Amino acid sequence: MHAAKGLRPRRGRPLAASGLAALLFAATALTSGAVGQDPSPSPTPPPSRAVPKPPSDQPPPLLTRADVDRAVARLDGVVRGMMKQTGVPGVAVGVVHEDRVLYLKGFGQRHVGEPAAVDPDTVFQLASLSKPIGSTVVAGAVAGKDADDRGAGWDEPVARHLPGFALKDPWVSGHVTVTDLMSHRSGLPDHAGDLLEDLGYDQAYILGRLREEPLAPFRASYAYTNFGFTAGAEAVARAEGVSWQKLAEDTLFRPAGMDSTSTTFADYEKAANKAVAHVPGPDGTWQAKYVRNADAQAPAGGVSSTAADMMRWLRLQLAGGRLDGRQLIDAASLRHTHLPEIVSQPPTAPAGRTGFYGLGWNVNYDNQARLRLSHSGAFELGANTNVTMLPGERLGIVVLTNGKPVGLADAVAEDFFDTAQYGKPTRDWLALFAALYTEMDDAGVSPTDYAEPPAAAKAARPDGAYTGTYGNAYYGKAVVTTGPDGLVLELGPEPKRFPLRHYDGDTFSFETTGENAVGPTGVTFSFGEGGTAARTLRVEYLDETGLGTFTRR
């Protein structure tokens, strides 16, 4: 996948659940060449005559309350202006500073064409903002556990608690841990399993097929993988003998008073005050067209919550696991989620900074040596979210939207921190993120224009040469049948039907659907010498890692 400078290639439409670490790095690299670079650095302070103190976890806070108030005062206008520019229907924003909620407000509509307004208690789908919430749950569950304890710790091999779980390499299968999978360093390919989810397969099937995926070097390569993260979190829940939802409820949601937060799609669906997903239509108007059920990857992308609940979680994050005077999550275990586990983005310029991934967090350090934690979430079918925080400043922001990612959630967060630090935004963040999202949307599209067959296109064989049942160890069964308008390809457990359009010879195309849709993709049938029936079919967009060929049964 081609992308903006500094972005590693990704398959299809990866923003469905990606954390967007590389997106932010690319955005900065395109303009300044270094993450967190101050456009007008302060002079170096004179050395102190005081006795040096031991180095602390973070430098002393650099932002005053006035700095933060200035950024908060700008938020109303920023959000409304960006909504007007993009058309995103609904937004909710909250800011925490020094354990106080300084800002909490909803804007726009829950559902286009209906009067109900977004407020702080409107439930949004969080997409991959679920990951830092998931790692908070795991931090609480594994606190203090080692190999001799019941349950799973961070360094527990996942296979001990997920029966039948395996990866391509037997040694890796026996050694891959909760940490490896939740920090995307297992060696699994980028977004492994996402296309199975699009076809309708459930979590058990998808986790059981990860063993078919080719592996990159273990613990030496980063590739963002929703179902790897899910496997790590599910192993912890299984070790506790409960479902992921119950573990999350008992460990975090109930103790923290996050009463409107859930990891199940059913709970989101039944919420009376919920923001539904929207996408822009061909004419640019936003439509509530799709429903996104992320139960299969619940720990990685299935959480729904409100801005009000997210403020309680953000306060807990910024206070070392404490909330309202109670220690809800062990401080050391929570801090462990904030540490780098793998390089996710090498520097792209001499002045650039390295980006890392921790446990459900993008982990970066700015030019003032401050830890910066962030994560974005995006469903192409209609949601975009962002959390960004500076723990040393005890400052964080959450932005929730009910629209396909067009840059608003990320831009609001970046504008806020720029204004707090520099007094004004250092660039047009919305334009920058919008361009990057557009470029990433275009990535993964086939280089072949299936709408324009070659002038000398060969005729197809009779339909009967292609019809039949084909098998694949990863994607399961493919069935080619004939319909009123010609050939139809059926894929998935409850078959999704894709009408095939002839392109050239034994190559056809169909329109992809779902979260990772990439427009038209090719289907090529292969025949043996003199054969009258196809022996294999290859689906182009399913073949990113070489798993897209089906063999006739």
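Position 1 is the first residue of the sequence; numbering continues from there. Remember, it's a predicted structure, so these values are computed and weren't measured experimentally.
Among all heavy-atom pairs drawn from Glu249 and Pro255, the shortest one is O-CD, 3.5 Å. Contact record, Leu207 with Ala231: CD2-CB, 4.0 Å, taken as the closest heavy-atom pair. Among all heavy-atom pairs drawn from Lys131 and Ala300, the shortest one is NZ-O, 3.0 Å.
The pair Glu98-Arg394 does not meet the salt-bridge criterion, since no charged nitrogen lies less than 4.0 angstrom from a carboxylate oxygen. Between Lys105 and Asp119 no salt bridge is recorded (no basic side-chain N to carboxylate O distance below 4.0 Å). Note on Asp324 versus Arg315: salt bridge recorded, some NZ/NE/NH1/NH2 to OD/OE distance being below 4.0 Å. Taking the charged nitrogens against the carboxylate oxygens, Asp121 and Lys274 have no contact shorter than 4.0 Å, which rules out a salt bridge. Classification of Arg372 and Glu414 as a salt-bridged pair holds, one side-chain N sitting under 4.0 Å from a carboxylate O. The pair Arg110-Glu114 fails the salt-bridge criterion, with no side-chain N (NZ, NE, NH1 or NH2) lying under 4.0 Å from an Asp/Glu carboxylate O. Salt-bridge check for Arg312 with Asp309: failed, with every basic side-chain N at 4.0 Å or more from each acidic carboxylate O.
Put simply, CH2 on Trp154 and OG on Ser333 are 5.5 Å apart, with the number rounded to the nearest 0.5 Å. A distance of 6.5 Å separates CZ in Phe417 from CD1 in Ile397, rounded to the nearest 0.5 Å. Note: His338 NE2 to Leu371 CG = 7.5 Å, rounded to the nearest 0.5 Å.
If you run salt bridge (Lys or Arg N to Asp or Glu O under 4.0 Å) between Arg74 and each of Asp67, Asp415, Asp69, Asp418, only Asp415 comes through. For the side-chain contact (heavy atoms from CB on, under 4.5 Å) criterion with Met82, the lone passing option out of Val91, Val412, Val399 is Val412. Screening Leu252, Thr263, Val387 for a side-chain contact (heavy atoms from CB on, under 4.5 Å) involving Ile133 leaves a single residue, Leu252.
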Inset, instruction - Start with the C-alpha distance between Thr337 and Met182, add both sets of side-chain angles, then the distance that settles side chain to side chain contact (heavy atoms under 4.5 Å, CB included), and finish with yes or no. - result: CA-CA 10 Å; Thr337 68; Met182 292 184 69; over 6 Å; no
Report task. Given side chain to side chain contact (heavy atoms under 4.5 Å, CB included), test Ser262 with Gln245 step by step and report yes or no. Result -> CA-CA 7 Å; Ser262 174; Gln245 167 62 20; 3.5 Å; yes
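A donor and an acceptor atom, one from each side chain of Asp441 and Thr438, are nowhere located under 3.5 Å apart.
Under the 6.0 Å cut-off for aromatic ring centres, Trp361 and Tyr357 do not qualify, their centroids lying 6.0 Å or more apart.
Stacking of Arg292 on the aromatic ring of Tyr268 is not recorded, the 6.0 Å distance cut-off and the 45° axial limit not both being met.
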